[in-house]
2 protein chains.
Amino acid sequence: MFKGSLLEAMVAHASENKKPTDKQQKILESAIRIFAEKGYTNTSTSEIAKAAGVAEGTIFRKYGTKDNLLLSVIVPFLKDLFPAIAEGVFNEVMTKDILSFEDFLRAFLKNRIDFFNENKEIFQIVVKEMLYNTELRNEMLPFFLENVSPRIAKIINVFKERGELADFPTRTIQKMVFTFIGGYFVSNFVLLPENGTDSVDKEIENIIRFVMNGVGTGKKPH
Amino acid sequence: MFKGSLLEAMVAHASENKKPTDKQQKILESAIRIFAEKGYTNTSTSEIAKAAGVAEGTIFRKYGTKDNLLLSVIVPFLKDLFPAIAEGVFNEVMTKDILSFEDFLRAFLKNRIDFFNENKEIFQIVVKEMLYNTELRNEMLPFFLENVSPRIAKIINVFKERGELADFPTRTIQKMVFTFIGGYFVSNFVLLPENGTDSVDKEIENIIRFVMNGVGTGKKPH
DNA sequence: AAGAAAAGTGAGTAAGCACTCACTTTTTAT
DNA sequence: ATAAAAAGTGAGTGCTTACTCACTTTTCTT
């Protein structure tokens, strides 16, 4: 499996901007759909070729290997996944200090839920392969922990200083909030993707209320 | 892949009680270790045989198929996973009404964290295959939603009536709490299994505090 | 319109896979 | 001690897999 090539692939992706042919588009669409449903390892290139209506050789002419086809699917997604949040929202919060932590959460959740809804299948692929594929996990986790995590910590510290967040260790707050939000995304977009329950806005308010106040009443028993 | 055989396998497991030979034990141990690390599909039977120091035929003499080897690994785990909580703790809470929801959570978390620590690798296998393997997911999810979920709902209702839990819809509370606890288990035992941060007791208190009160101060900005 | 470059094809290939089976070794029962 | 049953073996089998390559078709350039 691809060793040390995720970052390379992300850099390479930037300098590559030719638009795909119809058949290349079909290949990508079929790959995304089948990878998302059955997982990368359980999907054969011949199956993708058949679904896309192309010869198997066409896949390999363009992408070289099956690994590289997977990278071609997930790299554009990953490039959108991390920086968009960290840069955009971060700056917005830090410069204009009009936002409360609730407003920050609201903007963040709206933004990411829209993004995952638009890229549901690729998100499913990434989550599945994160768990299943040792190399991919070993490339993505450090990247996240080094690049994204510190920015989140800064945001939390800002709101702790403003007195909006409890005076727990930043690490603890970060872990709790992101475990919950991550769990929410995975359970809603990967585990139970067809449960279209409440409206998105209502769901967001539920999440915010839980993150800020929990489910207790504050009343002690007996 | 195994169709409709999970429940069958769980029933069959009950009436099967011969102790395994040394080699059978080695096969199970190797399978668990390698399945957990690389995933079921990425693991070949020849690799398991080599790791266990047996001939490949030995695996198939005992287990028949690779699928059945996976079932032999996860069925005993699943039989412990669901009923233990639902039956045991449930009754304890409902009869003696000495426990607060916090105490219930504390007992529940202690119990399950111990269980997952003792069966960490099998838990990793189950989580990975839940996401990766369509058939297994389609067998386990309904089972959970039908058998476990209603019991949890009852518990939540009891504490709602006692005024310890906020008057939100039971479904909402259940979803929030279990998304969070599920996310916690997955991130601690599957995604980052080697992060031995704080003591377990301290972690449990953090979880309870977050579930009950969230991370907000209640103070509104400006 | 002609030549070049790019895209697409599909039969073919070697390697790896889950699984079988005739056989040997070990354990159990009498 | 001996026969029967159970456990273990490993070379072999047919199938699927990712990938190749000589070739054809389409698109681009001038």
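Just so it is clear: chains get the letters A, B, ... in the order the sequence lines come, proteins before strands, and each one is counted from 1. Here the structure is a predicted model, which means the values were calculated and not measured.
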Could you tell me which non-hydrogen atom of Gly183(A) sits nearest to which non-hydrogen atom of Thr179(B), and how far apart they are? C-CG2, 3.3 Å
Round to a whole Å and report the spacing from CD1 of Ile48(A) to P of dA18(D). 8 Å
Whole-Å distance, Lys62(A) NZ to dT20(D) P, equals 17 Å
Geometric class of the Phe144(B)/Phe178(B) ring pair [parallel <30°, tilted 30-60°, perpendicular >60°]: tilted
Whole-Å gap separating P (dT17(D)) and CG (Leu69(A)): 15 Å
Can you tell if the side chain of Leu192(B) reaches within under 4.5 Å of the side chain of Leu141(A), non-hydrogen atoms only? yes
So if I define the base as every atom that isn't primed, P, OP1 or OP2, how would nucleotides 11-24 of chain C read as a B/S/- string at a heavy-atom cutoff under 4.0 Å? ------SBBB-B--
Is the closest side-chain heavy-atom distance between Leu81(A) and Arg112(A) below 4.5 Å? yes
Under a 4.0 Å heavy-atom cutoff, the residues of residues 20-37 of chain A touching DNA chain C are Thr21(A), Lys23(A), Gln24(A)
Scan for salt bridge (charged side-chain N to carboxylate O under 4.0 Å, His left out) pairs involving residues 41-59 of chain A, sequence neighbours excluded, and state none if there are none. Lys38(A)-Glu47(A)
Residue list, ring pair (Phe, Tyr, Trp, His ring centres under 6.0 Å) with Tyr40(B), at least two apart or on another chain: Phe35(B)
Checking salt bridge (Lys or Arg N to Asp or Glu O under 4.0 Å) for the pair Asp22(B)/Lys26(B): CA distance, chi angles, key distance, verdict? CA-CA 6 Å; Asp22(B) 285 3; Lys26(B) 279 273 188 189; over 6 Å; no
Rounding to a whole Å, what distance do you find between Ile59(B):CD1 and dG8(D):P? 11 Å
Students should find that the end-to-end axis angle of the helix from dA1(C)-dT30(D) to dT30(C)-dA1(D), with five pairs defining each axis and rounding to 10 degrees, is 20°
Pairs in or reaching into residues 122-133 of chain B: which pass side chain to side chain donor-acceptor pair (under 3.5 Å), with residues at least two apart or in two chains? Thr41(A)-Tyr132(B), Glu129(A)-Tyr132(B), Tyr132(A)-Glu129(B)
Is any side-chain heavy atom of Ile156(A) less than 4.5 Å from a side-chain heavy atom of Val177(A)? no
With a 4.5 Å heavy-atom cut-off, do Ile113(A) and Asn188(A) have their side chains touching? no
